[in-house]
Amino acid sequence: MTSSSRQSIKQGGRQGKAAARRGGKSSAATPLSRSLAANAHAIRTLLGESSDVQLRLFRSGASPDTEMAIIYIEAIVSSSDLNEMVIEKVMGAPAADPPLPLPELLEWLGSRVVSASVISMESTLEGTLERLLSGSCILLAEGVPQVLAAAIGGGDERPVGEPSTQTVIRGPQNSFNENLMTNVGLIRKMIRSERLRLEIRRIGRQTNTAVGMMYMDGIANESIVEELRRRLETIDLDSVLDSGYVEEFIQDATFTPFPTLMNTERPDEVAGGLLEGQVVVLVDGSPFVLLAPVTFFRFFQSPEDYYQRFDIATFLRLIRIVAFIVSMHLPALYIAITTYHQEMLPTTLLISLAAQREGVPFPAIVEAFLMELTFEVLREAGVRLPRAVGPAISIVGALVLGQAAVQAGLVSAAMVIVVAFTAISNFVSPQVNIAIAARLIRFLLMLAAGIFGFLGIMACDLLLIVHLSGLRSFGVPYTSPFSPFKWTSWKDTFVRAPWWLMGRRPAGGDTGDSMRQTDTSQPPHQQE
């Protein structure tokens, strides 16, 4: 930047400060000035003279007598695109024939010279700042009360990799990353349909985070789409750093351990949800995408179910449901049986358990709580610790601590087996958030079993069923297809029927297009 240019911007500071004050404190749009120096100073002042805000003055061959400037935030633009698409082309642009009047200069450069994919004209300070903070470079010209914004966003980002929380043996092996448009692209590569809709809005007064809503027009329920749109519009908070922020604002029930929205990092699961009538929420900066509405049994369905044979998928799905029930009830049943209902055990097993517990100083409920809390601590430590020391902690926790606790007489060997099998059963759930719900409910059941035995467990189960029956996810009953009863949806609940038998979309999709295949899709031996 030359000394004369610096002086020019300094002189425009007074006018720029006034514009900056209006832009920072007033909700009304602030029109840009005709002075390049005033506009540049206002933008830099509003950004606090931040060190990564770069300004470069130059002159274009299209209008050698007009001083021009380009402003961009260094960290969020692609420097190579900036040089190749904007600076080199504008500086080397030939003079227009006939010469252009000054107000049309930027529009002509945007339509004929700059080669960025997205270009827009802004005439207000607020609009200019929004473009600048979204990764655009701003082209200003002396005497023009408008700026040209060219999208050249860049910067380092994580490449598309394998999913870390929802792995499968057979099926796609890619997962979302933190870039919103990359995630949208992964979905569009799977659903190449003109019905796929995307709406993007900005949420977060400070973060100005892009939040996208996707749905299939004609397949998703219009009332659900409208309700989700309304809930997103009402969110007004400072920051949105992950989809978890949005989830708490749009979910139907807060005070429940059961999730009423599903989150996933798998594009194929999102694509499957869209084709079943679900609506999707994507948040820029988060690799986890939200799906709504969702029912309780949807959490036991894995994308792999639809890639395997139907009989294998059905068997695995039943295993998951049984494992979920076991992970909630096994410690409580052990406490109830060993404390109140010893007559239910065979005599030899009862004698063996009594011999193991002979030296244990605690009652079964205290023993169970000690072991479960110890395991929760080990699990949390395993998640937080660096990968290099994670296996060491597993060995210490599982072998050294467990074996030493038994030999010291603090817990019985049977309790170690119960806690270990409970933990393994908890990991079977394909969705982490439903597994966390089971972990929380387990402690409630253990407490009830320690006080009332089987009667306490049955009372808790009854309350859970009543609670589940009252939950809704965007108006869809959480316990569907059992309550209300929908026979057609049973083909994809406990069991996974062959694809050619699942002609209709599942429950919750009260849409104008409920059929996803015709009878002609049946295999030849079924048509005879």
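Throughout, residue positions are numbered sequentially from 1 according to the sequence presented.
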For the atom pair [atom1] ([X]) and [atom2] ([Y]), what is the distance rounded to the nearest 0.5 Å?
| X | Y | atom1 | atom2 | value |
| --- | --- | --- | --- | --- |
| Ser134 | Leu132 | OG | CG | 8.5 Å |
| Asn39 | Thr128 | CG | OG1 | 7.5 Å |
| Lys89 | Asn83 | NZ | CG | 12.5 Å |
| Leu32 | Ser123 | CG | OG | 6.5 Å |
| Leu471 | Gln251 | CG | CD | 10.5 Å |
| Ser78 | Ile152 | OG | CD1 | 7.0 Å |

Quick one: do [X] and [Y] make a salt bridge, cutoff under 4.0 Å?
| X | Y | result |
| --- | --- | --- |
| Arg317 | Glu304 | no |
| Asp305 | Arg320 | yes |
| Glu376 | Arg379 | yes |
| Asp217 | Arg195 | no |

Determine whether [X] and [Y] make a side-chain contact, defined as any pair of heavy atoms from C-beta on separated by less than 4.5 Å.
| X | Y | result |
| --- | --- | --- |
| Pro172 | Tyr307 | yes |
| Leu232 | Thr234 | no |
| Glu122 | Glu130 | no |
| Leu274 | Ile191 | yes |
| Val246 | Val240 | yes |
| Ile203 | Leu237 | yes |
| Ser302 | Leu316 | no |
| Phe299 | Asn433 | yes |

Worked check of salt bridge (Lys or Arg N to Asp or Glu O under 4.0 Å) between Arg384 and Glu380: CA-CA 6 Å; Arg384 308 296 166 210; Glu380 192 66 15; 2.7 Å; yes

At their closest point, which heavy atom of [X] faces which heavy atom of [Y], and how far apart are they?
| X | Y | result |
| --- | --- | --- |
| Pro293 | Ser473 | CB-O, 3.1 Å |
| Phe58 | Ala69 | CE2-C, 4.0 Å |
| Ala151 | Ala116 | O-CB, 3.8 Å |
| Leu196 | Met216 | CD1-SD, 3.6 Å |
| Arg188 | Ser193 | NH1-O, 4.4 Å |
| Thr207 | Thr209 | OG1-OG1, 2.9 Å |

Arg202 vs Asp284, salt bridge (Lys or Arg N to Asp or Glu O under 4.0 Å): CA-CA, chis, key distance, verdict: CA-CA 10 Å; Arg202 297 277 174 177; Asp284 193 28; 5.7 Å; no

Could you verify whether a donor N or O on one side chain and an acceptor N or O on the other, from [X] and [Y], lie under 3.5 Å apart?
| X | Y | result |
| --- | --- | --- |
| Asp268 | Tyr306 | no |
| Ser33 | Ser35 | no |
| Gln173 | Glu162 | no |
| Tyr215 | Asn221 | no |
| Gln166 | Thr264 | yes |
| Ser286 | Glu178 | no |

[X] side chain to [Y] main-chain N or O, any donor-acceptor pair under 3.5 Å?
| X | Y | value |
| --- | --- | --- |
| Asn183 | Leu180 | no |
| Glu126 | Thr30 | yes |
| Arg442 | Met328 | no |
| Gln308 | Arg170 | no |
| Arg231 | Ile250 | yes |
| Tyr72 | Leu139 | no |
| Ser243 | Leu290 | no |
| Thr124 | Gly127 | yes |
| Arg131 | Ser136 | no |
| Glu265 | Thr165 | yes |

Evaluate the criterion side-chain contact (heavy atoms from CB on, under 4.5 Å) for residue pair Thr66 and Val144; output intermediate values, then yes/no. CA-CA 10 Å; Thr66 305; Val144 181; 5.9 Å; no

May I have the step-by-step check of salt bridge (Lys or Arg N to Asp or Glu O under 4.0 Å) for Asp252 and Arg472, ending in yes or no? CA-CA 6 Å; Asp252 282 66; Arg472 295 286 186 278; over 6 Å; no

Check against side-chain contact (heavy atoms from CB on, under 4.5 Å), Val281 and Met214: CA-CA 7 Å; Val281 176; Met214 295 187 82; over 6 Å; no

Would Arg229 and Glu227 count as a salt bridge (Lys or Arg N to Asp or Glu O under 4.0 Å) if you check the C-alpha gap in whole Å, the side-chain angles of each, and the deciding distance to 0.1 Å? CA-CA 5 Å; Arg229 190 180 290 134; Glu227 176 62 18; over 6 Å; no

Mind checking whether His467 and Phe258 have parallel, tilted or perpendicular rings, split at 30° and 60°?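 Rings of His467 and Phe258: tilted, 30 to 60°.
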
Determine, stepwise, if the pair Glu276 / Arg298 fulfils side-chain contact (heavy atoms from CB on, under 4.5 Å). CA-CA 12 Å; Glu276 290 180 354; Arg298 180 71 172 79; 4.1 Å; yes

Flag yes if more than 12 heavy atoms outside Glu248 fall under 6.0 Å of its CD atom; otherwise flag no.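 Result for CD/Glu248: open.
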
Other residues, nucleotides, ligands: >12 heavy atoms within 6.0 Å of Arg112 CZ: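 No - once you tally the heavy atoms of other residues, nucleotides and ligands closer than 6.0 Å, there are 12 at most.
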
Give a yes or no on whether the ring-centroid distance for Phe324 and Phe300 is below 6.0 angstrom.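 For Phe324 and Phe300, the ring centres are under 6.0 Å apart.
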
Determine, stepwise, if the pair Leu373 / Phe443 fulfils side-chain contact (heavy atoms from CB on, under 4.5 Å). CA-CA 10 Å; Leu373 289 174; Phe443 288 99; 3.9 Å; yes

